[in-house]
There are 2 protein chains.
Amino acid sequence: MDRIDEEILKLLKENGRMTSSEISKHVHLSVPAVSERIRKLEEGQVIDRFTVRLNREQTGLHLLAFIMVQLEKPEHVAGFRTMIVQTPSVLECHHLAGEYDYLLKVALKSTGELEQLISEQIKRLEGVSKTNTMIVLSTMKEEM
Amino acid sequence: MDRIDEEILKLLKENGRMTSSEISKHVHLSVPAVSERIRKLEEGQVIDRFTVRLNREQTGLHLLAFIMVQLEKPEHVAGFRTMIVQTPSVLECHHLAGEYDYLLKVALKSTGELEQLISEQIKRLEGVSKTNTMIVLSTMKEEM
DNA sequence: GTTGAAACAATTACGCC
DNA sequence: GGCGTAATTGTTTCAAC
């Protein structure tokens, strides 16, 4: 990972479909050299994967929220985990140190969907003792 | 946005560099038809952009945290905003409804860097009355 | 790392419904 | 508007160095 790799990653972050020939013009390297560097960045797991960033608003997901969840005992983690993985509206789930055990980032169509998620999916789970929901009004920055 | 568009988006989410000819085999459409659909998804802002997802661990960012920030008065927002935009370790910043005004997602190399971010950048700002930091132990799910 | 040829993919122009 | 085919153009891969 040298300066050129970092430059390539920066370009690919801005446009993941930028061609190696286009990148080669920026970093002043031949096309095979660029391709090989990208291949190695993928192989070395620096690049997790190429993906597409969707506009949630355009797909009807107008509501973004963070839900903090407290789980009573570790034996309830398996059921919680299953629910998280199977629920597409849960974008992120982090295990936390502190008062709450998990932080969920969820994208939904409406407050109705949020109510349903909290009442019928999260709070219904065994072991969920407390939740705390933060509604996002607007997003200033959102990167990976 | 029909079923085929959704299938294309699903494939591109998994691999943003998948070629149109590869996609065409999955959706049973000609290559120009696939290219045109992708172009329109970009034009119609459903696709925000193509990007690359990096492995934070591999790039030395071993610490992930969420910081909730309370700002006293709206006149302090401008300075806060500037700091957020200029700080690369801040991956996300959401304006919240509730007790805290902002939620930050930050990726750092160490707790030392976290201490520095909180003490020397965030708390030093005018108007920051309270912060609350949640350290991420592990991440179960992280999508866009 | 580079270059150049071969293989592959995207784009364009067209006709079709 | 949306699609397919075929020719052109552009890009990547593979070999040799």
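In what follows, every chain begins at residue 1, and chains take the letters A, B, ... in the order their sequences are listed. Note that these values count all heavy atoms, side chains included, but never hydrogens, waters or copies made by symmetry. These figures come from a predicted structure and were not determined experimentally.
- B/Arg37 pairs by the salt bridge (charged side-chain N to carboxylate O under 4.0 Å, His left out) definition with B/Asp2, B/Asp5, not counting sequence neighbours.
- Nearest heavy atoms, B/Leu9 versus A/Val52: O-CG1, 4.2 Å.
- Straight-line distance from the CD1 atom of B/Ile4 to the P atom of D/dG4: 9 Å, rounded to whole Å.
- No donor-acceptor pair closer than 3.5 Å links the side chain of B/Lys130 to the backbone N or O of B/Val69.
- The side chain of A/Ser35 places an N or O atom within less than 4.0 Å of a non-bridging phosphate oxygen (OP1 or OP2) of D/dT13.
- Classification of the B/Phe80-B/Tyr102 ring pair by plane angle, with boundaries at 30° and 60°, yields tilted.
- Taking the side chain of B/Lys40 as heavy atoms from C-beta on, and the options D/dG2, C/dG1, D/dT12, the nearest nucleotide is D/dG2.
- Protein atom CG of B/Leu41 is 11 Å distant from nucleotide atom P of D/dG2, rounded to whole Å.
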* Would you please test A/His26 and A/Glu7 for side chain to side chain donor-acceptor pair (under 3.5 Å) and show each step? => CA-CA 9 Å; A/His26 285 86; A/Glu7 180 64 17; over 6 Å; no
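- Distances from the side chain of B/Ser30 to the nucleotides D/dG4, D/dT13, C/dA9 place D/dG4 closest.
- Closest to the B/Pro32 side chain, of the nucleotides C/dA9, D/dT13, D/dA6, is D/dA6.
- Nucleotide D/dG1 holds its C1' atom 18 Å from the CE atom of B/Met1, rounded to whole Å.
- Rounded to whole angstrom, the span from the CD atom of B/Glu36 across to the P atom of C/dC14 amounts to 17 Å.
- Summary of the strand contacts: B/Met18 and A/Leu29 both lie near DNA chain C, and taking for each the nucleotide with the nearest heavy atom, the more 5' one is attributed to A/Leu29.
- The B/Ala33 side chain lies nearest to D/dG4 when the options are D/dG4, C/dG1, D/dG2.
- In this structure, A/Arg37 and A/Arg17 both approach DNA chain C, and ranking their closest nucleotides by distance from the 5' end singles out A/Arg37.
- What separates CD of B/Glu22 from C1' of D/dT11 is a distance of 16 Å, to the nearest Å.
- Rounded to an integer number of Å, the gap from A/Ile23 CD1 to D/dG10 C1' is 15 Å.
- Put simply, B/Thr19 has no side-chain N or O that comes within less than 4.0 Å of OP1 or OP2 on C/dC8.
- Regarding B/His28, its NE2 atom lies at a distance of 14 Å from the P atom of D/dT5, rounded to whole Å.
- With rounding to whole Å, B/Arg39 atom CZ is found 12 Å from D/dG2 atom C1'.
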